[in-house]
K.L.:
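Have a look at this one.
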Amino acid sequence: MQLYLYNSLTRTKELFTPIETGRVGLYTCGPTVYNYAHIGNLRTYIFEDVLKRVLDYNGYDVKHVMNITDVGHLTGDRDMGHDKLEEGARREGKTAWEIAAYYTEAFRKDMAHLNIQEPSIWCKATDTIPEQIDLIRTLEDKGFTYRTGDGIYFDTARFPGYNKLSHQDIEALQEGARVEINPEKRNATDFALWKFSPPNVKRQMEWDSPWGLGFPGWHIECSAMSMKYLGDQLDIHCGGTDHIDVHHTNEIAQSEAATGKPFFNFWMHGAFLIITGGKKMAKSEGNFLTLDNAFVNNGIDPLAYRYAVFQTHYRKPMEYSQEAIDGAVNGIRHLRNQVRTLKDDAGEREGRIDDGRRQKFLKEINDDLNMPRALAAVQALLKSDLAPEDRLATVFDFDRVLGFDLLQADKAVALPEVIEQMIAERIRAREARDFTRSDELRDAIEAQGYTVQDTPEGMKVFKP
Ligand code: AMP
Ligand code: ZN
């Protein structure tokens with residue numbers, strides 16, 4: 001079946017065809033590891049995980065590269081401010097290298113909790129400095145760069161079609177340049193390829209280069225790494241919508257200027273998670289929730305967040321609310337219970353994947369990853385009159401895309417409805433920090449002969 005994906009470059013849903021038959025090169029911009037990822041960031045990584053699983057479900061062999069930004073991402077816009085890693089190091093009294101290692105591990109733990117598959121290749125900005133220097137040198141040889149007091153910059157006026165992804169009004173941006181803080185920049189949109197280490201300051205992360213001691217700009221790393229690991233297999237490049245105007249626009253400019261060839265064919269962007277009132281969730285807004293503090297530490301199954309994310313199409317803003325999360329907790333529990341019941345009904349009988357139902361599911365996911373409709377197709381399957389063993393085999397097949405660990409749900413023993421209700425109430429009590437009620441409910445559940453354990457993965461209830 002044909003796969004249609006929305007391409008930010010053409011602003012249309014396009015039929016996806018890879019450069020090389022049967023294989024896909026996928027690059028997703030990874031985290032800047034100076035702090036925990038917030039659940040907004042994680043929404044974007046869930047969207048990318050679904051994309052990868054859908055490509056795999058369609059039979060493609062996916063080579064997925066994700067970078068770790070451990071240097072060069074500055075706190076201010078327009079290449080001013082401090083390096084986020086060095087700032088994180090100052091904040092926590094550790095080295096920038098320790099900060100990067102710690103938050104990379106925290107990110108991988110979040111990925112595991114959300115069943116986000118690891119990329120085929122992880123790459124760190126600090127491991128590809130020579131490749132980044134080479135790329136800057138090529139740009140210099142071709143006349144796209146100039147030197148200022150604080151670094152080597154890319155001259156965006158020399159690259160025709162600079163705004164082909166963002167469709168920004170460049171003239172209006174130039175007007176805004178009157179308030180530009182760096183008077184040495186020729187154009188408001190110019191960006192740093194290499195920054196010099198400030199005089200009299202010893203940076204923790206700095207390298208020698210043909211232009212002097214310093215560190216790479218943020219955008220150059222993604223160009224260097226995607227070309228290093230994907231070569232000519234530049235099919236799909238993803239990130240959040242905030243990357244369109246600057247980060248991805250600059251990646252395209254510097255890569256195409258260097259090679260003279262089109263960079264990625266498809267650009268896909270996930271919309272933001274916003275909190276009630278329309279504000280985006282961001283570290284700078286001070287309103288950010290992590291997976292640990294919103295889910296894991298409260299005994300809430302983190303896969304409920306994955307389920308919640310699927311309720312909204314990835315190109316629409318998703319509003320975070322307690323009701324949405326409560327709904328998702330119940331939704332995933334209900335789904336698991338349906339699977340357990342089917343398992344009981346199917347007994348030892350071997351099931352077959354039902355092709356008709358598979359086509360219906362495929363139609364939804366291949367329509368630009370329509371997960372709300374895909375979930376409806378799952379419910380239609382579960383409620384259908386197919387034999388239980390066939391429904392079970394088919395839903396396990398769908399789970400290759402859903403990533404809900406339904407095979408595990410199948411192994412667990414179903415709990416009576418009355419216990420399920422007490423669990424749901426206890427989750428709500430813990431969310432409301434009503435620990436007295438939470439303890440009462442634990443006692444009530446245990447009085448029925450069950451054991452309750454609060455673990456980092458959530459509340460576990462089982463018969464001892
Ligand atoms: P960062 O670590 O800041 O580079 O961001 C990691 C990823 O999360 C990027 O792809 C961003 O575009 C994305 N992102 C940042 N904030 C949000 C948000 N509130 N909702 C969804 N994605 C976001
Ligand atoms: Zn990037």
Side-chain angles (χ1 to χ4, degrees), residues 8 26-49 51 65-77 83-85 87-88 99-100 103-104 106-107 110-111 114 116 119 122-125 128 132 135 165 191 216-230 234 236-255 263-264 267-291 294 305 308-309 312-320:
S8 306
L26 172 68
Y27 186 91
T28 57
C29 288
T32 306
V33 283
Y34 72 113
N35 206 332
Y36 294 104
H38 58 62
I39 58 174
N41 302 134
L42 294 171
R43 178 187 186 203
T44 293
Y45 297 113
I46 293 172
F47 137 63
E48 293 162 349
D49 182 59
L51 169 64
V65 179
M66 179 162 4
N67 66 305
I68 298 280
T69 300
D70 55 358
V71 69
H73 197 169
L74 303 185
T75 48
D77 291 339
D83 185 302
K84 290 186 177 181
L85 265 291
E87 191 164 276
I99 290 288
Y103 288 111
T104 301
F107 178 65
D110 286 344
M111 287 177 71
L114 291 168
I116 295 175
W122 283 110
C123 48
K124 291 195 283 183
T128 47
Q132 297 178 58
L135 194 52
L165 177 69
F191 56 91
W218 172 38
H219 318 297
I220 197 76
E221 69 169 87
C222 287
S223 291
M225 289 190 258
S226 55
M227 291 197 266
K228 172 176 179 176
Y229 293 106
L230 295 175
L234 303 170
I236 310 178
H237 192 130
C238 303
T241 45
D242 58 326
H243 283 349
I244 294 175
D245 285 355
V246 181
H247 184 50
H248 289 167
T249 285
N250 293 349
E251 277 189 51
I252 292 174
Q254 65 199 1
S255 306
F263 196 34
F264 281 84
W267 290 81
M268 294 180 65
H269 295 96
F272 264 35
L273 176 76
I274 51 177
I275 52 164
T276 315
K279 266 199 160 182
K280 68 174 185 179
M281 181 169 290
K283 286 163 197 164
S284 53
E285 300 277 347
N287 62 7
F288 85 88
L289 293 170
T290 64
L291 193 66
Y305 184 57
V309 165
T312 311
H313 189 268
Y314 80 88
R315 284 196 289 119
K316 294 209 179 97
M318 167 182 170
E319 196 158 330
Y320 182 86

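Both counts, for ligands and for their atoms, begin at 1 and track the order of listing. Keep in mind the model is a prediction, meaning the values are calculated, not measured. Values reported hereafter were calculated over all heavy atoms of this structure, with side chains retained and with hydrogens, waters and symmetry mates removed.
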K.L.:
Can you list the ligand 1 atoms lying under 4.0 Å from a non-hydrogen atom of His38?
P.N.:
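Within the 4.0 Å cut-off of His38, ligand 1 contributes 16 (N), 17 (C), 18 (C), 19 (N).
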K.L.:
Is it the case that the side chains of Glu221 and Thr128 hold a donor-acceptor pair, with the cut-off being a distance below 3.5 Å and no angle test?
P.N.:
no
K.L.:
Is Lys228 atom NZ crowded by more than 12 heavy atoms from other residues, nucleotides or ligands, each under 6.0 Å away?
P.N.:
yes
K.L.:
Look at atom 6 (C) of ligand 1 and say which protein heavy atom is nearest, naming residue and atom and giving the distance to 0.1 Å.
P.N.:
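Among all protein heavy atoms, the one nearest atom 6 (C) of ligand 1 is Tyr45 OH, 3.1 Å.
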K.L.:
Could you establish whether Gly270 and ligand 1 come within less than 4.0 Å of each other, counting only heavy atoms on the residue side?
P.N.:
no
K.L.:
Can an N, O or S atom be found in His247 less than 2.8 Å away from the Zn ion (ligand 2)?
P.N.:
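Of the N, O and S atoms in His247, at least one lies under 2.8 Å from the Zn ion (ligand 2), which means yes.
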K.L.:
Flag the pair Glu319 / Ile275 as yes when at least one side-chain heavy-atom distance between them is below 4.5 Å, and no otherwise.
P.N.:
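A side-chain contact is absent here, since even the closest heavy-atom pair is not under 4.5 Å.
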K.L.:
Tell me, do His38 and Asn41 make a side-chain contact under 4.5 Å, heavy atoms counted?
P.N.:
yes
K.L.:
For atom 21 (C) of ligand 1, what is the nearest protein heavy atom, given as residue, atom name and distance?
P.N.:
Gly40 O, 2.9 Å
K.L.:
Is any side-chain heavy atom of Val65 closer than 4.5 Å to a side-chain heavy atom of Ser226?
P.N.:
no
K.L.:
Using a plain distance cutoff, I'd like to know if Ala271 has any nitrogen or oxygen under 3.5 Å from a nitrogen or oxygen of ligand 1.
P.N.:
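So ligand 1 has no N or O lying under 3.5 Å from an N or O of Ala271.
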K.L.:
Got Tyr314 and Met268 here, is their nearest side-chain heavy-atom distance under 4.5 Å?
P.N.:
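Yes. Closest side-chain heavy atoms under 4.5 Å.
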K.L.:
For ligand 1, is there an N or O atom under 3.5 Å from any N or O atom of His73?
P.N.:
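For ligand 1, there is no N or O atom that lies under 3.5 Å from one belonging to His73.
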K.L.:
Just which atoms of ligand 1 are under 4.0 Å from any heavy atom in Pro31?
P.N.:
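Numbered from 1, ligand 1 contributes 2 (O).
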K.L.:
Could an N or O of ligand 1 be found under 3.5 Å from any N or O of Leu273, whether backbone or side chain?
P.N.:
yes
K.L.:
Counting both backbone and side chain atoms, is some N or O of Thr32 under 3.5 Å from an N or O of ligand 1?
P.N.:
yes
K.L.:
For ligand 1, which is the ligand I care about here, please tell me if Trp218 has any N or O atom under 3.5 Å from one of the ligand's N or O atoms.
P.N.:
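There is no such contact.
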K.L.:
Does a side-chain heavy-atom distance below 4.5 Å link Asp242 with His247?
P.N.:
no
K.L.:
Do we see a donor-acceptor contact under 3.5 Å between the side chains of His243 and His248?
P.N.:
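Result is no, nothing qualifies.
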K.L.:
Just which atoms of ligand 1 are under 4.0 Å from any heavy atom in Gly239?
P.N.:
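Those of ligand 1 that fall under 4.0 Å from Gly239 are 10 (O).
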K.L.:
Would you call His269 a ligand 1 contact, heavy-atom distance under 4.0 Å?
P.N.:
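No heavy atom of His269 comes that close to ligand 1.
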K.L.:
Got a second to check how far Ile274's CD1 is from Lys316's NZ, nearest 0.5 Å?
P.N.:
13.0 Å
K.L.:
Report yes if the side chains of Thr69 and Val33 come closer than 4.5 Å at any heavy-atom pair, otherwise no.
P.N.:
no
K.L.:
Any N or O of Gly240 that comes nearer than 3.5 Å to an N or O of ligand 1?
P.N.:
yes
K.L.:
Nearest to atom 19 (N) of ligand 1, what protein heavy atom do you find, and at what distance?
P.N.:
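Of the protein heavy atoms, Met281 O, 2.9 Å lies nearest.
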K.L.:
Taking atom types as modelled and ignoring hydrogens, do the side chains of His269 and Thr241 form a donor-acceptor contact shorter than 3.5 angstrom?
P.N.:
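No.
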K.L.:
Which of the numbered atoms in ligand 1 are under 4.0 angstrom from any heavy atom belonging to His243?
P.N.:
9 (C), 10 (O), 11 (C), 12 (O)
K.L.:
Do ligand 1 and Arg43 have nitrogen or oxygen atoms that lie under 3.5 Å from each other?
P.N.:
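There is no such contact.
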K.L.:
Which bit of Asp242 gets closer than 4.0 Å to ligand 1, counting heavy atoms only: side chain, backbone, both or neither?
P.N.:
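Within the 4.0 Å criterion, Asp242 contacts ligand 1 through side-chain atoms alone.
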K.L.:
For ligand 1, is Cys238 a contact, meaning one of its heavy atoms is under 4.0 Å away?
P.N.:
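Cys238: no contact with ligand 1 (<4.0 Å).
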K.L.:
Among all protein heavy atoms, pick the one closest to atom 15 (C) of ligand 1 and tell me residue, atom and distance.
P.N.:
Asn41 ND2, 3.1 Å
K.L.:
Just say parallel, tilted or perpendicular for the rings of Tyr103 and Tyr36, cut-offs at 30° and 60°.
P.N.:
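Because their plane-to-plane angle is over 60°, the rings of Tyr103 and Tyr36 count as perpendicular.
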K.L.:
Could you tell me, atom by atom, which parts of ligand 1 come under 4.0 Å of a heavy atom of Thr44?
P.N.:
10 (O), 13 (C), 21 (C), 22 (N), 23 (C)
K.L.:
Just checking Tyr45 against Phe107, ring centres under 6.0 Å apart?
P.N.:
yes
K.L.:
With rounding to 10 degrees, what does the angle Cys29:SG / the Zn ion (ligand 2) / Cys222:SG come to?
P.N.:
130°
